[in-house]
Novice: 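Mind having a look at this structure? Questions to follow.
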2 protein chains.
Amino acid sequence: MVVPSQMENAMEIIMFNFHKYAGEKGYLTKDDIKVMMDKEYHEFMKNQKDPLTVDKIMKDLDQTRDGKVDFQGYFSLVAGLTIACNDYYVCHMKPKGRRF
Amino acid sequence: MVVPSQMENAMEIIMFNFHKYAGEKGYLTKDDIKVMMDKEYHEFMKNQKDPLTVDKIMKDLDQTRDGKVDFQGYFSLVAGLTIACNDYYVCHMKPKGRRF
């Protein structure tokens, strides 16, 4: 029996999270992104002072301006958030050896 | 107490995986990528007929040709692998409702 690695599990979580919010239509609308951000990134959203945070995220992701964000667009959001977390971790935590 | 979501956990796994293989130096060499691919993507690597798979991955990631892959380069590898998995899932599995 093949046991997936932690990385493979993490990739699967990210993959199915898209399908959870995109549903059968296969893409995310601004409303889908709003619901997802509130649910999956609750603390992050709580700290956003700008009420237009989701609008700005949507503008970033929806390159074709058709109101639809596909898997690649969604993954660039996950990338942006993870890279920001890593930058914070490297600047504020890594030298002291404390985990995130 | 703040309980991280599954997505936040997945992002943390991906983040710490980089630091596990990059170590104090903060970047991945070709050797680091070889060790990581063999360990974290064992099945994927087993299915690669091309002995130069890691060389090609390194060439893709190491845009500055200095033999060093930073976190963003690493994340583009994770993105490529996840997008490929999603394409496979959408084509071969999603319609029948079976999970990956």
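Chain identifiers are assigned alphabetically (A, B, ...) following the order of the sequence lines, protein sequences preceding nucleic acid strands; residue numbering begins at 1 within each chain.
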Novice: Test of understanding: clusters of I, L, V, M, F, W, Y form through side-chain heavy atoms closer than 4.5 Å, transitively. Do Leu61(A) and Ile83(B) belong to the same one?
Specialist: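 As far as the 4.5 Å side-chain criterion goes, Ile83(B) and Leu61(A) are connected within one cluster.
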Novice: For Lys20(A), does the NZ atom sit with more than 12 other heavy atoms under 6.0 Å from it, leaving out its own atoms?
Specialist: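 Correct, the count exceeds 12.
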Novice: Which region of Val2(B), side chain (C-beta onward) or backbone (N, CA, C, O), has a non-hydrogen atom less than 4.5 Å from a non-hydrogen atom of chain A, or is it both or neither?
Specialist: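 For Val2(B), the side chain is the part near chain A, not the backbone.
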Novice: Do Val69(A) and Phe16(A) share a hydrophobic cluster (ILVMFWY, side-chain heavy atoms under 4.5 Å, transitive)?
Specialist: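 Same hydrophobic cluster.
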Novice: Pair Tyr89(B), Phe71(A) - check ring-ring contact (aromatic ring centres under 6.0 Å, His included), show working.
Specialist: CA-CA 12 Å; Tyr89(B) 168 68; Phe71(A) 188 78; 9.5 Å; no
Novice: For residues Met7(A) and Val78(B), determine if any side-chain heavy atom of one lies less than 4.5 Å from a side-chain heavy atom of the other.
Specialist: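 Side-chain contact under 4.5 Å: yes.
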Novice: Can you tell which of Glu40(A), Gln72(A), Glu8(A) has the highest number of heavy-atom pairs within less than 4.5 Å of chain B?
Specialist: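 Looking at each of Glu40(A), Gln72(A), Glu8(A) in turn, Glu40(A) comes out on top.
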Novice: Give the cluster check for Ile13(B) versus Leu28(B): same hydrophobic cluster or not, with ILVMFWY residues linked at side-chain heavy-atom distances below 4.5 Å.
Specialist: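 Same cluster: Ile13(B) reaches Leu28(B) through Ile, Leu, Val, Met, Phe, Trp or Tyr contacts under 4.5 Å.
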Novice: Using side-chain heavy atoms (C-beta onward) and a distance below 4.5 Å, is Met15(A) in contact with Cys85(B)?
Specialist: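 Heavy-atom side-chain distance check passes, below 4.5 Å.
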Novice: Hey, what do you get for OG (Ser5(A)) to CZ (Phe44(B)), rounding to the nearest 0.5 Å?
Specialist: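 It comes to 12.5 Å.
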Novice: Who wins among His19(A), Met36(A), Gln6(A) for the most heavy-atom pairs under 4.5 Å with chain B?
Specialist: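 Option with the greatest count: His19(A).
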Novice: With chain B, which of Thr82(A), Leu81(A), Asn9(A), Ile14(A) has the greatest number of heavy-atom pairs at distances under 4.5 Å?
Specialist: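 Counting heavy-atom pairs under 4.5 Å, the top option is Thr82(A).
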